[in-house]
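The figures here come from the full heavy-atom set of this structure, side chains too, leaving out hydrogens, waters and symmetry mates. Residue numbers begin at 1 in each chain, while the letters A, B, ... track the order of the sequences. Predicted, not measured: the structure shown is a model, and the values here were computed from it.
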Protein chains: 2
Amino acid sequence: MTKATERPTRQPSMADVARTAGVSAQTVSRALRDSPNVNPETRKRVLAAVERLGYRFNNAARVLSSGRSHTIGLVLLQSGGYYSRSAVTAGVEAAAGEAGYAVSIATIARLDTGLMERSLSKLADQGVDGIVIAVPLISVTQKMEDITRDIPTVTLDGSRTASARVLGIDQKEAGRLATQHLLDLGHRQVWHVAGPDEWIEARQRRQGWQECLAAAGIPAPPPLEGDWSPDSGYRQGQVLAMIPDVTAVFAASDEMAFGVIRALRERGRSVPDDVSIVSVDDIELAAYCSPPLTTVRQDFYRSGEAAVALLLREDGAESEESLVTATLSVRASTGPPRAS
Amino acid sequence: MTKATERPTRQPSMADVARTAGVSAQTVSRALRDSPNVNPETRKRVLAAVERLGYRFNNAARVLSSGRSHTIGLVLLQSGGYYSRSAVTAGVEAAAGEAGYAVSIATIARLDTGLMERSLSKLADQGVDGIVIAVPLISVTQKMEDITRDIPTVTLDGSRTASARVLGIDQKEAGRLATQHLLDLGHRQVWHVAGPDEWIEARQRRQGWQECLAAAGIPAPPPLEGDWSPDSGYRQGQVLAMIPDVTAVFAASDEMAFGVIRALRERGRSVPDDVSIVSVDDIELAAYCSPPLTTVRQDFYRSGEAAVALLLREDGAESEESLVTATLSVRASTGPPRAS
DNA sequence: AGACCCTATGTTATCGATGCCATATGTAAC
DNA sequence: GTTACATATGGCATCGATAACATAGGGTCT
């Protein structure tokens, strides 16, 4: 077997195909692509030769001469939200593939500008034609700007930079939806277990919650902060369990909600009888745990697709449409407050 | 802003750097890589020039001349097991990055040889130096063999092909561990909700279960088959709920276990009091649902790393060590059978 | 002192596809 | 019957880095 580290044996080149088909390399090149100016007869001969030799075009050469790699880079965060990451990846890959682009990934272990810079450099070195950043940028450094100025970039739910376009999911709306649902059920107060404040998503969901409460004339209680993990939800749930009059909680992610529920139950608070919980994500498991979670669904797959579409769009429209809408799935984890 | 579809403005090339540093392009090339035969003084001048011009090497040109792309392809399945997919991806990317390789992904929507062939072709076209197939291959076609013969390939938990190496996670052991745990608790029979039979994982876990029962002299009941989703677990759980003497269930994945538990509970069977459940994966949520799941943990991240290591290893060792071991996390979803 | 080698560097050919320009037909227009 | 223009094809330079070979200077060995 060939080793990945050794130079592979020579593959047939376009010149070989040309020779076999009795035409010039240039004609082969044209026959294999769009070019309308190729005799169907000739094209057939070329294709036959390609087939016979097992010819496969050399991407590097194509990139070198055309100047475009037909590859887009995707930056992901390694931790936090397995579900959304997978879904975004799948969406990006599907849309990119559709348009004839390959996807090269770069994951960063945690939110850190240094790691982010390195990832972007890596992608830039690879010569990607565009970059989708599926990481909530906190701060943007000069170096990052340098790269995104040269390479078209779309940030998925990140902060706006001078040179990157931002595709927003309407996170504020998600927070509002969740909170309003609880108020509509008759709850007088809604507590919030937020995501880490460096995450734009987390901040926006918190804002939606705050604004919704404000609109109802309710002073917001201090938000508790988790890190998206079930474990952090569990810890904040223990805190909530010690506060007597908590009847409704909005958790910024399903995974944290699982932890919150567990903590509340261990302390004898039933969900939804004593406390209602609503969260965001609608991961597959949300409907199958007990109680099934009421949660705000967001279509990450679609947002991945949309990011690529925005990236490849000819017109440089700076539009920041919230292409992806949030919808509420009402399940058993929420109910009216216990009559008191 | 530049568009992804237009030819980017020219970046400084090695020749530019050479000119600025007052040396030849070749010396620049040497200075930027290993080469011991470069005067430290010269190297310093070169690096200064690189810095000043913001030079970044052109990957395509490098690939074209060296014949190696320093990219490995990763084939993933879009559906099924968000968690394991993410973890494998992260592991592969980390190990590849460590070795100076980039990762290009290709996802297939479902287990289908046609789609598989297309993905492999896509990666081959990109000129990847190696391929990690994180998809449980069912059957291997001639076309697939053609590609894996030219490009080093490692299959993660897939079937053996003539030309690809296989890295096995010991799935049979996982099934055995789970089943034995239930028998040790005193259960006389263990039912199984299996994954789809096309998946090697599923088949091996089922085998582990069967063999373990056989060793205990217990005739295995017919396995029920799901598709990894919580929903399929739910449906099979409904079936199990109708069978009176079920006291122990081994589900092939955590997600299906969630569904099974839900179905049993809806039908008045308590977990673990009436029925014990054990599964495989140990996803993060397993510990935070109620009841917390007893499950067999497998380190997908590590297996991703190991796959890359195997791929890049110089010696063509055909070893099929089960580098990744399974361990049991005992939680509240299992207990001794109700005294009857 | 001549043969030899090691270091540091330059020169040139090469990887494979594409862009641009040239050329050879055919064919419609005036 | 030229001019004009579209169609089909070939030739050649080019992208940017690297491999292979060449060379110049200095040291070492016998």
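For A:Arg30 and D:dG10, a side-chain-to-base donor-acceptor distance below 3.5 Å is present, hydrogens and geometry of angles not being considered.
Checking D:dT9, C:dA17, D:dA17 against every side-chain atom of B:Ser13, the shortest atom distance belongs to D:dA17.
The interatomic distance linking A:Leu32 (CG) with C:dG19 (P) rounds to 13 Å, in whole Å. In this entry the distance linking CD of A:Glu41 with P of D:dT9 reads 10 Å, nearest Å. Atom CD of B:Gln26 and atom C1' of C:dA13 are 12 Å apart (whole Å). Put simply, CZ on A:Arg62 is 14 Å from C1' on C:dG19, counting in whole angstrom units. At whole-Å resolution of the value, CG in B:Leu64 and C1' in C:dT18 are 12 Å apart. If you measure from atom CG of B:Asn58 to atom P of C:dT18, you get 16 Å, rounded to the nearest angstrom. In this structure, B:Arg68 places its CZ atom 17 Å from P of D:dA17, rounding to the nearest Å. When the P atom of C:dG16 is taken as reference, atom CG of A:Asp16 falls 8 Å away, rounded to whole Å.
Checking the phosphate oxygens (OP1, OP2) of D:dA19, no side-chain nitrogen or oxygen of B:Ser65 falls inside 4.0 Å. Here A:Ser24 does not reach the OP1 or OP2 of D:dT9: none of its side-chain N or O atoms lies under 4.0 Å away. Note on B:Ser66: every side-chain N or O is 4.0 Å or more away from OP1 and OP2 of D:dA17. Residue B:Ser29 has a polar side-chain atom (N or O) positioned under 4.0 Å from OP1 or OP2 of D:dT18.
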### Query
What's the verdict on side-chain contact (heavy atoms from CB on, under 4.5 Å) for A:Trp199 and A:Leu111, showing C-alpha distance, side-chain angles and the deciding distance?
CA-CA 9 Å; A:Trp199 288 61; A:Leu111 283 180; 3.2 Å; yes
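Here the side chains of B:Ile147 and A:Arg56 are in contact, with some heavy-atom distance below 4.5 Å.
Results of the side chain to side chain contact (heavy atoms under 4.5 Å, CB included) test with B:Tyr101 over B:Asp129, B:Thr71, B:Val128 single out B:Asp129 as the only residue that passes. Results of the side chain to side chain contact (heavy atoms under 4.5 Å, CB included) test with B:Thr27 over B:Asn39, B:Val17, B:Thr42 single out B:Thr42 as the only residue that passes.
Both B:Val23 and B:Ala61 lie near DNA chain C, and the one whose nearest nucleotide falls closer to the 5' end is B:Val23.
Checked for salt-bridge contact, B:Asp146 and B:Lys143 miss the test: no charged N lies under 4.0 Å from a carboxylate O.
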